[in-house]
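As structure tokens, the structure follows; a few thoughts come after it.
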Amino acid sequence: MQENLVIVESPAKAKTIEKFLGKDFFVTSSMGHIRDLEKKDFGIDIQNNFTPKYEITSDKKKLVTELKKLAKDAKTIWLASDEDREGEAISWHLIETLHLDPQKTKRIVFHEITKEAILHAIQNPRPLDLNLVNAQQARRVLDRIVGFEVSPVLWKKVKPSLSAGRVQSVAVRLIVEREREIMNFNTTSSYRVTANFLVPEKDGKVVELKAELNKRFDTREQAFSFLEKCKSAEFQIDDVVKRPSKRSPAPPFTTSTLQQEASRKLGYSVSQTMTVAQKLYESGKITYMRTDSVNLSGLAINTAKQVILSTMGEKYHQVRQYKTKSKGAQEAHEAIRPTYLDQEEISGTAQEKRLYELIWKRTVASQMSDAELEKTTVTIDISNSAEKFIATGEVLIFDGFLKVYIESVDDEDQNGGQKGLLPALTAKQILRWDKIFATERFTQKPPRYTEASLVKKLEEQGIGRPSTYAPTITTIQNRGYVVKEDREGVERGFTEFVLAGQKIAEKQKIEVTGAEKSKLFPTDIGMVVNDFLMRYFDLIMDYNFTAKVEKEFDEIAEGELIWNEMLGNFYKPFHSKVESAINEAERANGVRVLGIDPNTGLELSVKIGRFGPIAQLGEATEEGAKPQFASLRAGQHIETITLDEALELFKLPRTLGDYEGKTVVVAIGRFGPYVRHDGKFISLEKKVDDPYSIELPRAIELIESKREKDLNALLKVFDENPDLKILNGRWGPYISYKKGNYKIPKNTDATKLTLDDCMKLIDGQSTVKKSRKK
DNA sequence: CAGTGAGCGAGCTTCCGCTTGACTT
């Protein structure tokens, strides 16, 4: 018989708390929610005031039985789930499901896992907040309604198995709209002028001073004539201004900022970061990793102080209390920080060590003093024109928090002034120059989202929660709406004029632009679904939709709004949109007419087909004419493919002729260009063969060489059963029999196997099933 | 492993937030 049973949400938390509470308390966890709306059905009785139909989640059945037993035996049950909407609901579900006696049940809350906070909580239990619970029910029911009413519309009008939801559909919208911005972006160029001045130092050395003109020129003529004028100009320093400036450390990590920095600094994906953080949390090394709070406990602030004082000195320390600003933050936890700040390093995998180090540095830096800088701006007059050259430099006077941690940014600024110290300069000083450049520069397209920058954007809009950022990003990729890809850049020429001595030289240079690494691209289906949802469900797709309903959930939590009424108000207009979409919407296939094929006069269009995007040439007619189809290639998209590119698709497959009485065909498949002959596929050689121009002799060459390779791979055949072969593959010998492959145990001489041995091996192994789930 | 593109229309798919394992060709 246990006196006290405490139920928290996570087992790692339970372990920690148990240490603080002593042996009269048994602490266990619910592992999050134990009940949810019915999984199979809609789970809501709409007619009956939106009554939810709950069931115990399938993987919690065993746990619930255990909890029931523990609760029966305990004198007092302390419900210690988080103090937010979801946490309150978890406690309520526990009361309902475990049939807890109100007389012996107490609700407690704490925001940090420290002895002080927990003992204080035990002394101050409070009643369950039913308004907060109802706010959660409203949130849950609304999400189910949106997801389960809109998704089936997509199955009908676009493709089976698709999904829509309050969070995921808006995430896809962000990516689609960004892609279209990039597509429609009008790149322009202008000329940026920079000068290298030569400044003599006291010791006789000459140092370079780089300066940039305060104006860019739109045309090459303007840039050129400016350089012409520079030939005879005098350059004189107008002013040297020194200005102190400060930089402050970033606040401690939340889930979202941890994901961003781990992505930028360590190259982790969002879900990778969460998996590693989970490990650190479970082994007690960091505090809880799903949080939107930047708050540090008093204990942590004190330990940070000790660490900073003892290792860096008082000058480096500054106490800071951070306030969370992000929309919809619920602050049930602390910020993410090391549990023991005096541990600068930990044991663990390389990934764990690196993430820990990042968290440690960020946390310590957040309690450190500002960095002090001095910025110098030098203005240089040009005797024969109104423009001025500007040189900037930045010197670190005191490093402060920068000693430990520098936050990264997403889009690195590529030009900028000279960093570091400028040479000693005085006003009115005349400057001699070495070279002056006028370089053509282009306007930058908006950047594509990375997983982490998408999370940042979602958080800014108050969409999604710390526990769902990673799963949301996975979902939109699993549904095929978005792909994470690298993209090779393309070469772009630009002009540079160099003035040296009294001569201007013009150079044509080449740079690579548009290269992308691990960026999110919308797919064709993502765009079609997005456009469909925008047209028929504008309310759900509104970036402010979540913020609007969140406001109402808050009102419910405050007792100012009845949750079923709120849902009623939402449901009526929403459901009629669902109805009209089902009844009125055409099938959406994203069809786009590219033009007329000049050879046949037939119309060429692209659309989403049953197996993905296809091009279609001609229409089916009553006279029996049939259209031709061709799949789009990887990297080609409905929105961007041109008529010429689409026409190319119909040039394959090409029949090259006959070889040994069988036709030879060349085409492009999933794994690239190939030749097909006698039921066999032979890949073309990369960068050597071109499927559009390859001729029969070369194809025969490929067929023959493939035959030779296969022959070399053939270790043994049996005349009695020609279906069975022993082959030598990439991983050593194996048995091939009727389209199935079978392993040969290690250390057996494959060539000595008899037919009987082989059949035994085959019987012993079940063919590897080829069902692969997405 | 690489083709398909019309169609009987079974039975299935789907949301967001809380939380961990179990599972991996």
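Being a predicted model, the structure only gives us computed values, none of them experimental. A, B, ... follow the sequence lines: proteins, then strands. Residue 1 opens every chain. Heavy-atom basis, side chains included; hydrogens, waters and symmetry copies ignored.
Partners of A/K651 by salt bridge (Lys or Arg N to Asp or Glu O under 4.0 Å), not counting sequence neighbours, listed by chain and number: A/E648. With sequence neighbours excluded, the residues satisfying salt bridge (Lys or Arg N to Asp or Glu O under 4.0 Å) with A/D538 are A/K577. A/E552 is linked by a side chain to side chain donor-acceptor pair (under 3.5 Å) to nothing, counting only residues two or more places apart in sequence or in another chain. A search for salt bridge (Lys or Arg N to Asp or Glu O under 4.0 Å) contacts involving A/D292 returns A/R465, not counting sequence neighbours. With sequence neighbours left out, A/D690 forms a side chain to side chain contact (heavy atoms under 4.5 Å, CB included) with A/Y692, A/S693.
Within the structure, salt bridge (Lys or Arg N to Asp or Glu O under 4.0 Å) pairs that include any residue of residues 55-64 of chain A do not occur (at least two apart or interchain). Judged as a salt bridge (Lys or Arg N to Asp or Glu O under 4.0 Å), not a single pair has a partner in residues 147-163 of chain A (not counting sequence neighbours).
Within residues 144-151 of chain A, the residues that have a heavy atom under 4.0 Å from DNA chain B are, in order of number, A/R144, A/G147, A/F148, A/S151. For the contact set between residues 133-141 of chain A and DNA chain B, defined by any heavy atom under 4.0 Å, the members are A/R139, A/R140.
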Tabulate atom names and distances for all N/O pairs under 3.5 angstrom spanning the protein and nucleotides 7-12 of chain B.
from, atom 1, to, atom 2, distance (Å)
B/dG7, O6, A/R610, NH2, 2.9

Dot-bracket for DNA chain B, 5' to 3', Watson-Crick and G-U pairs with both distances under 3.5 Å, [ ] for crossing pairs, | for partner on another strand, reads .........................
Under 3.5 Å donor-acceptor pairs involving side-chain atoms of residues 275-287 of chain A, not counting sequence neighbours:
from, atom 1, to, atom 2, distance (Å)
A/T275, OG1, A/S271, O, 2.8
A/Q278, NE2, A/E282, OE2, 2.8
A/Y281, OH, A/S10, OG, 2.7
A/Y281, OH, A/K13, N, 3.4
A/S283, OG, A/K279, O, 3.0
A/S283, OG, A/L280, O, 3.3
A/S283, OG, A/K285, NZ, 3.2
A/T287, OG1, A/A335, O, 3.0
A/T287, OG1, A/R337, N, 3.0
A/T287, OG1, A/R337, O, 3.4

